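Note sheet for the following structure.
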2 protein chains.
Amino acid sequence: MSSSTFSLSDAGAACPGDARPCATSAADLPTEQSGRCSSCAMRNICMPAGLDAQAYARLDEVICTSRRVARGDSLFRAGTPFHSIYAVRVGSFKTVVAHPDGRQQVTRFDLAGDALGLDGIHDDRHTCDAIALEDSVVCIIPFHRLETLCSEVRAMQRHLHKMMSGEIVRESGLMMQLGNMRADERVAAFLLNISQRMKARGYSPTEFNLRMTRDELGSYLGMKLETVSRMFSRFQREALIDARGRLVRILDLERLKAV
Amino acid sequence: MSSSTFSLSDAGAACPGDARPCATSAADLPTEQSGRCSSCAMRNICMPAGLDAQAYARLDEVICTSRRVARGDSLFRAGTPFHSIYAVRVGSFKTVVAHPDGRQQVTRFDLAGDALGLDGIHDDRHTCDAIALEDSVVCIIPFHRLETLCSEVRAMQRHLHKMMSGEIVRESGLMMQLGNMRADERVAAFLLNISQRMKARGYSPTEFNLRMTRDELGSYLGMKLETVSRMFSRFQREALIDARGRLVRILDLERLKAV
DNA sequence: CGGCGCATTGAACTTATTCAAACGATGTGG
DNA sequence: CCACATCGTTTGAATAAGTTCAATGCGCCG
C-alpha cells in the first residue's frame with residue numbers, strides 16, 4: 001500500500017533554460033515551465049535516493065513543463081491517446097474507470113508526489129479518467145523521452161520499474177480489501193493509508209482534510225456512500241476518530257489498526 | 001482484462017549452447033535448459049510482434065533455464081527475495097496474497113504464456129505466493145539481465161513496460177468487478193475472461209476445464225464458495241452454461257455477456 | 001468398500017443496500 | 001442581510017444480497 005511516484009519540482013521555481021528541448025502534446029496545453037526535480041520539495045517522495053547530479057540534470061531535461069488543472073477538470077480521459085505520465089506537484093486527483101453499462105469506480109486517490117497515467121502505456125491510450133479533486137498542478141513527463149532516459153541511466157530504469165511494480169502491489173492490496181474485508185475494516189484501512197501518506201509528506205498523520213465526497217470514497221471502497229457515512233459515525237461514537245464532515249482527526253491509531 | 005505476458009520456448013526443445021552465460025538463483029533450482037523463445041509455441045502470447053532475429057537471439061541468452069513445479073507446490077513465496085520473473089510454459093498457477101490476520105485472497109490465475117512475479121520488483125521481494133494448480137513448467141527470466149537487455153533493445157523495453165502497464169490495467173478491471181458487480185456478474189465476467197484467454201491460446205473458447213476449486217474461485221471473485229456454486233447452478237438452470245464440476249461448456253455466449 | 005476432498009443445496013442469519021426524510025454548509029440573488 | 005436553492009451528509013426503516021451453518025451428494029484413490 002505504499003505510494004511510490006515520480007518526479008517534479010518546486011512550484012515556485014522558474015525554469016532557467018528556456019531554450020531546453022521541450023516538446024509536449026497539444027492535449028497537455030496550457031503548460032508552463034517547471035522548476036527542477038533536483039530542488040523539488042516532493043523529490044524524496046518521487047525519486048530514488050542516491051541519484052547523482054548528472055542524473056538529475058538529465059531528468060530536468062525530460063520534465064520541463066507543468067500544467068494546472070482546476071478542481072473538477074480532467075487531466076486525461078479514458079480513450080484519449082497516451083503520451084505522458086504525470087506527477088502531482090500540488091493538489092490531488094481521483095482516477096475513475098468506467099464500465100460500458102455506465103457504472104464507474106474510483107481506483108485511486110493521488111496526492112502531491114504521486115504519479116498518474118501508467119495505465120496508458122499498455123496500449124497507448126488512457127484507460128481511465130483522472131479528475132482533480134481541488135485546483136492542482138502536475139509535472140508532465142513525456143513517456144518516450146523518459147524511456148530514452150531509462151535506457152541510458154540505470155538508476156532511472158530501476159526506479160520506473162519499481163514504480164510500476166509498486167502500483168501492481170498497491171492494487172493487489174486494494175483487491176484484498178475489496179474481496180475480503182468488511183465495510184468497517186475497509187474504512188479503517190483507508191484512514192490508516194491516508195494517515196501514513198500524509199506523514200510521508202510531512203503533514204500531520206492524525207489530522208487531515210479529505211478532498212473526496214463520501215460517494216467517491218464509497219466507490220473507491222466498494223460500498224455505498226450511506227455505508228461510508230455510517231462507518232464514520234460509528235468510529236466517532238467509539239472515539240476512534242473525530243470527524244466533522246471531511247476534516248478527520250484520528251484519536252486512537254492503535255484501535256483503528258485493530259479494525 | 002487482457003493478459004499480456006512474456007517469453008519462453010517449446011518445452012521439448014533442447015538448449016543448444018550449454019556454455020552460454022546462465023546464472024540463476026539457488027532458489028530457482030532444480031532447473032533445466034530451455035529451448036528458444038524464437039521457436040516457442042507461446043511466442044505470440046508473450047512477445048511483441050515484429051521482434052527481429054537479433055532481438056530473439058539476445059532474449060534466448062537471458063532466458064536459459066526452466067523449472068518444473070508440481071501441483072500444489074510454490075514457484076515463489078511472499079517475503080522471499082526477488083531475482084527473476086517467470087513465464088508459464090506449461091500448466092497454470094494461482095497467486096495468493098496474505099493478510100497479517102490470516103485471511104488470504106487469490107489475485108490471479110495464470111495460464112501458459114502468462115508472466116508471474118512482477119510484484120517482486122517493487123522492493124526486491126515477492127509479495128505473494130505463486131502456487132501451481134497442476135504440474136507445470138515455467139521459464140526463468142533473471143530480472144537484472146532482462147533490465148540490461150531492455151536498456152539495449154528498445155522493443156524489449158517497450159514490451160516490458162507494456163506488460164507491467166497491462167498488469168495495472170488488468171488489476172483495475174478486477175477492482176471494478178469486486179467493487180461494483182453482483183455475484184452473478186462476476187462469475188459471468190470470469191467465465192468470459194477465461195473463454196477469451198483460451199481462444200487466444202488456440203483452445204476452444206466454449207469448453208474448458210477449470211483448474212481451481214470453487215473456494216479458490218470464490219476467493220478470486222470476492223465471494224464464498226457456496227455463492228460461486230449457486231451461480232454455476234443458476235447459469236446451468238438458465239441454460240447459459242453446462243457445467244459438470246470443473247468442466248465448463250458455454251452454451252450461450254451472448255446471454256452470458258448480457259450478465 | 002470406505003474415506004476424503006470437493007461440490008451442491010437448503011434454511012436461518014448477517015450485512016450492506018435501498019429508499020426516504022431531514023439536516024447543515026455554502027453560495028446566489030433579491 | 002436574509003431567503004432560498006443546491007449539494008453533500010447523516011440517520012432510520014424496510015429490503016435484498018450474500019454468508020453461515022449444516023446436511024447431503026458425488027467422484028476418485030487407496
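In the text below, chain A, chain B and the rest are named by the order of the sequence lines, each starting its count at 1. From a predicted model like this one, the values you see are computed outputs, not experimental measurements.
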Please report, rounded to the nearest Å, how far the C1' atom of D:dG18 is from the CG atom of A:L178. 16 Å

Assign a letter to each nucleotide of nucleotides 23-30 of chain D from its 5' end: B, base within under 4.0 Å of a protein heavy atom; S, sugar-phosphate only; -, no contact. --------

Any side-chain heavy-atom pair from B:L225 and B:T213 closer than 4.5 angstrom? no

Contact between B:V228 and B:F190 at the side-chain level, heavy atoms closer than 4.5 Å - yes or no? no

Partner residues of A:F76 under the ring pair (Phe, Tyr, Trp, His ring centres under 6.0 Å) criterion, sequence neighbours left out: A:Y86, A:H126

Residues in contact with DNA chain D, drawn from residues 91-99 of chain B - heavy-atom cutoff 4.0 Å: none

Take B:D119 and A:S172 through the side-chain contact (heavy atoms from CB on, under 4.5 Å) test and state the conclusion after the steps. CA-CA 9 Å; B:D119 59 282; A:S172 53; 5.9 Å; no

Do A:E185 and B:R103 touch side chain to side chain, with heavy atoms closer than 4.5 Å? yes

Distance check needed: C:dG24 P versus A:L247 CG, whole Å only. 18 Å

Hey, could you give me each pair passing salt bridge (Lys or Arg N to Asp or Glu O under 4.0 Å) that has a residue in residues 215-236 of chain B? Not counting sequence neighbours. B:K94-B:E216, B:D184-B:R234, B:R234-B:E238

Grab the CZ-P distance between A:R234 and D:dT11 for me, whole Å please. 14 Å

Once salt bridge (Lys or Arg N to Asp or Glu O under 4.0 Å) is applied, what residue pairs with a partner in residues 69-83 of chain A remain, sequence neighbours excluded? A:R77-A:D129

Given the side-chain rings of A:Y220 and A:F109, with only the six-membered ring counted for Trp, is the space between their centroids under 6.0 Å? yes

In the 5'-to-3' direction, what one-character label does each nucleotide of nucleotides 6-21 of chain C receive under the scheme B = base within less than 4.0 Å of a protein heavy atom, S = sugar-phosphate only, - = no such atom? SSBBBB----SBBB--

Is it true that B:E167 and B:R108 have a side-chain N and a carboxylate O under 4.0 angstrom from each other? yes

Between A:D114 and A:R197, is there a salt bridge with N-O shorter than 4.0 Å? yes

